[in-house]
Protein chains: 2
Amino acid sequence: MATSTAAERRAEERRAYDAFLSECASHNLLDQISNKWVTLVISALGEGPKRYSDLARAIPGVSQKMLTQTLRIIERDGLVTRTVTAAVPVRVDYALTDLGDSLRALLGKVKCWAEEHMDFVYLAREAYDAREEQTAVAALNRKS
Amino acid sequence: MATSTAAERRAEERRAYDAFLSECASHNLLDQISNKWVTLVISALGEGPKRYSDLARAIPGVSQKMLTQTLRIIERDGLVTRTVTAAVPVRVDYALTDLGDSLRALLGKVKCWAEEHMDFVYLAREAYDAREEQTAVAALNRKS
DNA sequence: CGGTATCCGCCGAGATACTG
DNA sequence: CAGTATCTCGGCGGATACCG
């Protein structure tokens, strides 16, 4: 019997894709660490250990939720350590592990690359947009 | 007159955030290049120029829409070139620019890092999950 | 072949309120 | 201070159909 409904086919493809993902686990990990917040948090932690609220201030635009979520993920992966100091008020420090620091070195280079070539990219975008506008105008002329 | 409604405050904050984003453009670019599909496309193009359909086959799990969208983005940023050969059927080749290739080198290192340390990360995850389960059990005991 | 256009489900992420 | 819990909503991305 053939799997005829769209739902069944979708489920099957989904399973195939999941199988691929768990098989090719490096893509999985790559996806995790090439996340925006992960990059920023690890970069911020490069200067040394920081408290939760320090991180929140050091990373503009991050919400409480995303900061906590990101920290949990990279803690689980063994990239940062979480140290709770029982006091009033409670104090929680985050620090890079050796593994986390080795990744920071790499991501730092990517960050530098982005900063170095930003000007070029922005010029490229302007040029591209200008060309786009021209072709749009040309298309309009052809219609009229 | 104070901006009293929640909608007004939200709009204002949104504008402030947008201003921050365009001001701190490096984060913007960082977000772009640390995208899953961007990473995979640039990596695939590292082996040399490829046709559209080659890319689709080389990157498992990518949809037509996302492939096209991703290619447009990195073409606009000047990371790849798009060459149309007028023939029947049409042939379109994509190739890395020098800028794109320099980024590929960096992302390649990150990819290598991921492959090298994957085992460690997976062990760390298991250890973390085991600890989590323990604390969950402890919490249950305290309740009963 | 190499796209564009359109609809839509789903979930990621922000806002808000509450806790130890 | 450092979270957790819950709701809501925009938009990412998949499916489908159609063009040059």
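Below, chain A is the first sequence line, B the second, and so on; all start at residue 1.
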(message) Before you tell me yes or no, could you show the steps for B:I33 and A:V110 under side-chain contact (heavy atoms from CB on, under 4.5 Å), namely the whole-Å CA-CA distance, both residues' side-chain angles and the distance that decides it to 0.1 Å?
(response) CA-CA 9 Å; B:I33 64 179; A:V110 176; 3.9 Å; yes
(message) Expressed as a whole number of angstroms, how long is the span from A:D31:CG to C:dG12:C1'?
(response) 13 Å
(message) With heavy-atom distances below 4.5 Å as the criterion, would you say the side chains of A:E115 and B:L30 are in contact?
(response) no
(request) Look at B:R51 and C:dG2 and indicate whether a side-chain polar atom (N or O) is within less than 4.0 Å of OP1 or OP2. (result) yes
(message) Tell me the interatomic distance from A:I59, atom CD1, to D:dA2, atom P, rounded to whole angstroms.
(response) 14 Å
(request) Under the side-chain contact (heavy atoms from CB on, under 4.5 Å) rule, what do A:D54 and A:R57 come out as? Steps first, then yes or no, please. (result) CA-CA 5 Å; A:D54 289 337; A:R57 245 171 288 114; 3.4 Å; yes
(request) With a 4.0 Å heavy-atom cut-off, tell me which residues in residues 64-85 of chain A come close to DNA chain D, sorted by residue number. (result) A:Q64, A:T68, A:R72, A:R82
(message) Check the phosphate of C:dA15 against A:S63, side-chain N and O only, distance under 4.0 Å to OP1 or OP2. Yes or no?
(response) no
(request) Mind calculating the distance between OH (A:Y52) and P (D:dT4) to the nearest angstrom? (result) 8 Å
(message) Closest approach to the side chain of B:W37, judged atom by atom: which nucleotide of C:dC1, D:dA2, D:dG13 is it?
(response) D:dG13
(request) Could you check how far CG of B:D93 sits from P of C:dG3, rounded to whole Å? (result) 10 Å
(request) Test B:Y94 against every option in B:K50, B:E75, B:R51, B:R82 by the side-chain hydrogen bond (donor to acceptor under 3.5 Å, both in side chains) rule and name the one that passes. (result) B:R82
(message) Which helical stems does DNA chain D take part in, if a stem means at least 3 consecutive Watson-Crick or G-U pairs with both distances below 3.5 Å?
(response) C:1-20 with D:1-20
(request) State, with a plain yes or no, whether a side-chain heavy atom of B:L79 is found less than 4.5 Å away from one of B:L103. (result) yes
(request) Would you mind reporting whether A:T70 and A:N35 have side-chain heavy atoms less than 4.5 Å apart? (result) no
(request) For A:E132 and C:dT4, give me the distance from atom CD to atom P, rounded to whole Å. (result) 9 Å
(message) Quick test of your reading of the model: are A:D77 and B:R125 salt-bridged, counting only N-O distances below 4.0 Å?
(response) yes
(request) Rounded off to whole Å, could you give me the CZ-to-P distance for the A:R57 and D:dC1 pair? (result) 8 Å
(request) Calculate the interatomic distance between B:N35 atom CG and D:dC12 atom C1'; express it in whole Å. (result) 10 Å
(message) The side chain of B:V90 is closest to which nucleotide in this list: D:dG14, D:dG20, C:dG20?
(response) D:dG20
(message) So B:L55 and B:V62, do their side chains get closer than 4.5 Å, heavy atoms only?
(response) no
(message) Can you tell me how far apart CH2 (B:W37) and CD1 (B:I73) are? Round to the nearest 0.5 Å.
(response) 13.0 Å
